[in-house]
Amino acid sequence: MSSPFAPGGGHPQHAGPPQVAGQPESSGAAYPPRHAQPAHQAQPPRGVAEVTIARIRQHANRIVIPSLVIIVCAAFIGYAFRELRESGPWLWWGIIAAVALVLLGFVPIILWLRTRYTITTYRTSTRKGQPHNTTHELPHHVVSSVEMRRNAWQAIFGSGTITLLSVSGLRMQLRDVPNAVTVTQALRELTGNPER
């Protein structure tokens, strides 16, 4: 029966860390710390709950003009088909109005409905459908600055475009966000950039 002590020193021999059954012996290579995660991995730390703060659509001012186009084109189409009983190129004008109704009226409204911004305690994500859903995410801990810009039209409605810039140079834009000043301040607090 072998002794756990060295023959001459009286001290226990250093046998290294115990091996787990079913795993190969360590080759001595250093392993990265468990908390090290790539910056692009949009997952909250284990044990930290992610809470949704807001789900935002673009401001409704983006569908003012498409709505007017629908009203005008629908009225013109009705008048054009009424005039089909008489001679004249009303059929072609009716077709042109129908195309404008779809492209300049319904399509912008559908895109507006399919665009959504989600802000949580850990990340900001954008979801757009053109025509398939496309989602982009940016974790808050990699955001280096939050900026808000608005033109004269947006200033009337209190909306604006918010830009999030990451430390690696990635840029995310939230276009025509309602209550832009409040949303910008909230994002600056979530990303730890209250003064930027």
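Numbering starts at 1 and runs along the sequence shown.
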Counting distance only, does the side-chain N/O of [X] pair as donor-acceptor with the main-chain N or O of [Y] below 3.5 Å?
X    : Y    : answer
Q154 : N151 : yes
R171 : L164 : no
T120 : Y122 : yes
S144 : L165 : yes

How far does [atom1] of [X] sit from [atom2] of [Y], to the nearest 0.5 angstrom?
X    : Y    : atom1 : atom2 : value
I53  : I119 : CD1   : CD1   : 7.0 Å
F106 : L113 : CZ    : CG    : 12.0 Å
T163 : R149 : OG1   : CZ    : 7.0 Å
R175 : I162 : CZ    : CD1   : 12.5 Å
L174 : R116 : CG    : CZ    : 14.0 Å
R127 : R55  : CZ    : CZ    : 10.0 Å

Less than 4.5 Å apart, any side-chain heavy atom of [X] and any of [Y]?
X    : Y    : result
T135 : T126 : no
T118 : T124 : no
L138 : R123 : no
Y117 : Q58  : yes
T134 : R114 : no
I56  : V177 : yes

Taking all non-hydrogen atoms of both residues into account, name the closest pair between [X] and [Y] and its distance.
X    : Y    : answer
P66  : I63  : CD-C, 3.5 Å
H140 : L187 : NE2-CD2, 4.2 Å
V183 : P178 : CG2-O, 3.7 Å
I77  : A97  : CG1-CB, 3.6 Å
S159 : A180 : C-CB, 3.7 Å
G94  : F76  : N-CE2, 4.4 Å

Over 12 non-hydrogen atoms of neighbours within 6.0 angstrom of CH2 in W93: no
The test is side-chain contact (heavy atoms from CB on, under 4.5 Å); show your working for N61 and I156 and say whether it passes. CA-CA 10 Å; N61 61 20; I156 296 175; over 6 Å; no
Is [Y] reachable from [X] through a run of hydrophobic residues whose side-chain heavy atoms are each under 4.5 Å from the next?
X    : Y    : result
V99  : I110 : no
V143 : M172 : yes
M148 : V146 : yes
L111 : V69  : no
V102 : L104 : no

Applying ring pair (Phe, Tyr, Trp, His ring centres under 6.0 Å) as the test, list every pair that has at least one member in residues 142-185; sequence neighbours left out.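 Non-adjacent pairs meeting ring pair (Phe, Tyr, Trp, His ring centres under 6.0 Å): H59-F157, W153-F157.
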Evaluation steps, side chain to side chain donor-acceptor pair (under 3.5 Å), between S125 and H136: CA-CA 5 Å; S125 60; H136 298 281; over 6 Å; no
